[in-house]
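Worksheet for the structure shown next.
Since this is a predicted model, take the numbers as computed values, not measurements.
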Amino acid sequence: MKLECTTDEINNYLNKMKKYISISDSNLEYISIRDKNFIFKYLYGLTKSMVRDILLSLKPDEFYEKIEAVDDKHKGRILYVWNPIRSFVDARGEEREIELYIKTDIYYSKKLVVVISFHKFNDFD
């Protein structure tokens with residue numbers, strides 16, 4: 001379910017997310033076992049460090065939507081979706097500009113940022 005989101009909320013969320021993952025890599029969990037995430041990770045040699053760098057580079061205007069999770073694993077959690085365009089090098093060594101779909105969640109009590117989705121935009125199922 002899509003939720004309303006103010007500019008202040010987006011900025012506060014980004015600031016918290018960046019603060020947590022700047023402290024330590026252990027504050028970032030990147031879930032790459034789902035098919036679309038795994039395939040994207042494989043095709044572009046994506047590492048946790050690369051994901052971290054992209055999260056740190058996100059800007060408020062790259063925000064896409066705020067949603068309530070409906071899947072069993074994250075049900076009821078408030079997730080933020082980002083839609084940046086970044087360059088990646090594919091398996092043939094060619095650089096490609098790719099529009100991304102990044103879905104994040106913050107567990108404030110643990111100071112943990114969880115990346116639930118990280119793949120090409122419109123590569124949903």
Side-chain angles (χ1 to χ4, degrees):
M1 175 172 77
K2 190 172 181 177
L3 305 169
E4 293 296 318
C5 193
T6 67
T7 302
D8 283 343
E9 285 178 275
I10 296 165
N11 287 324
N12 289 335
Y13 186 93
L14 264 179
N15 289 336
K16 276 288 190 208
M17 181 172 68
K18 290 177 180 185
K19 178 181 176 186
Y20 291 166
I21 62 177
S22 292
I23 294 170
S24 169
D25 277 352
S26 64
N27 292 5
L28 175 63
E29 182 179 328
Y30 165 44
I31 301 172
S32 61
I33 55 173
R34 295 172 66 194
D35 285 352
K36 55 195 161 216
N37 295 335
F38 179 80
I39 291 168
F40 189 86
K41 176 183 176 181
Y42 175 78
L43 290 175
Y44 296 99
L46 196 63
T47 64
K48 184 177 179 180
S49 177
M50 292 166 70
V51 170
R52 181 179 177 270
D53 290 345
I54 289 169
L55 293 178
L56 288 171
S57 73
L58 287 175
K59 299 178 203 76
D61 64 349
E62 294 172 319
F63 172 77
Y64 183 68
E65 65 183 349
K66 177 179 164 184
I67 58 173
E68 183 177 337
V70 294
D71 68 317
D72 289 337
K73 187 170 183 171
H74 304 282
K75 191 168 185 118
R77 300 286 306 168
I78 303 301
L79 310 175
Y80 283 67
V81 180
W82 310 93
N83 182 226
I85 296 173
R86 297 294 187 271
S87 292
F88 293 89
V89 176
D90 67 16
R92 289 187 263 169
E94 295 179 22
E95 189 170 326
R96 301 186 181 281
E97 292 283 311
I98 298 176
E99 184 178 6
L100 298 171
Y101 180 88
I102 303 170
K103 191 183 320 174
T104 60
D105 188 5
I106 295 179
Y107 288 80
Y108 293 97
S109 62
K110 298 178 183 180
K111 296 184 179 176
L112 177 68
V113 175
V114 178
V115 178
I116 297 166
S117 292
F118 195 110
H119 52 79
K120 197 173 187 179
F121 193 80
N122 286 331
D123 188 14
F124 297 121
D125 278 329

Worksheet item: Do you reckon I21 sits in the same ILVMFWY cluster as Y108, going by side-chain contacts under 4.5 Å, direct or chained?
Response: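 I21 clusters together with Y108.
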
Worksheet item: Are I23 and L56 in one and the same hydrophobic cluster, where Ile, Leu, Val, Met, Phe, Trp and Tyr link if side-chain heavy atoms are under 4.5 Å apart?
Response: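 Each belongs to a different hydrophobic cluster.
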
Would you indicate whether the side-chain heavy atoms of [Y] and [X] approach each other to under 4.5 Å?
| X | Y | value |
| --- | --- | --- |
| I54 | W82 | no |
| P60 | T7 | no |
| Y101 | N122 | no |
| I39 | H119 | no |

Worksheet item: What pairs meet the side chain to side chain donor-acceptor pair (under 3.5 Å) rule with one or both residues in residues 11-22, with sequence neighbours excluded?
Response: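 Sorted result for residues 11-22: Y13-T104.
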
Practice prompt. Scan for side chain to side chain donor-acceptor pair (under 3.5 Å) pairs involving residues 42-56, sequence neighbours excluded, and state none if there are none.
Written response: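 Those involving residues 42-56 are D25-R52.
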
Practice prompt. May I have all residue pairs that pass salt bridge (Lys or Arg N to Asp or Glu O under 4.0 Å) and include part of residues 73-83, sequence neighbours excluded?
Written response: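 Residue pairs with at least one partner in residues 73-83: R77-D105.
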
Discussion item. Does anything in residues 82-94 form a salt bridge (Lys or Arg N to Asp or Glu O under 4.0 Å)? List the pairs, not counting sequence neighbours.
Written reply: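 Those involving residues 82-94 are E62-R86, D90-R96, E94-R96.
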
Spacing of [atom1] belonging to [X] relative to [atom2] belonging to [Y], to within rounding of 0.5 Å:
| X | Y | atom1 | atom2 | result |
| --- | --- | --- | --- | --- |
| I106 | L112 | CD1 | CG | 9.5 Å |
| L55 | L28 | CG | CG | 6.0 Å |
| L43 | I98 | CG | CD1 | 8.5 Å |

Worksheet item: Partners of N37 by side chain to side chain donor-acceptor pair (under 3.5 Å), sequence neighbours excluded?
Response: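 Partners of N37 under the side chain to side chain donor-acceptor pair (under 3.5 Å) test: none.
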
Item to complete: List in chain and number order the residues that pass side chain to side chain donor-acceptor pair (under 3.5 Å) with K41, two or more places apart in sequence or in another chain; answer none if no residue qualifies.
Response: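 S32.
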
Contacts of type side-chain contact (heavy atoms from CB on, under 4.5 Å), residue [X], not counting sequence neighbours:
| X | value |
| --- | --- |
| S87 | E95, E97 |
| I78 | L3, K66, E68, Y80 |
| S24 | S26, N27 |

Discussion item. Let's go through F63 and L14 carefully: what are the C-alpha distance in whole Å and the side-chain angles of both, what is the deciding distance for side-chain contact (heavy atoms from CB on, under 4.5 Å) to 0.1 Å, and is it a yes or a no?
Written reply: CA-CA 10 Å; F63 172 77; L14 264 179; over 6 Å; no

Worksheet item: Where is the tightest heavy-atom contact between E9 and T6, given as atom of each residue plus distance?
Response: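 Between these two residues, the closest heavy atoms are OE1-N, 2.8 Å.
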
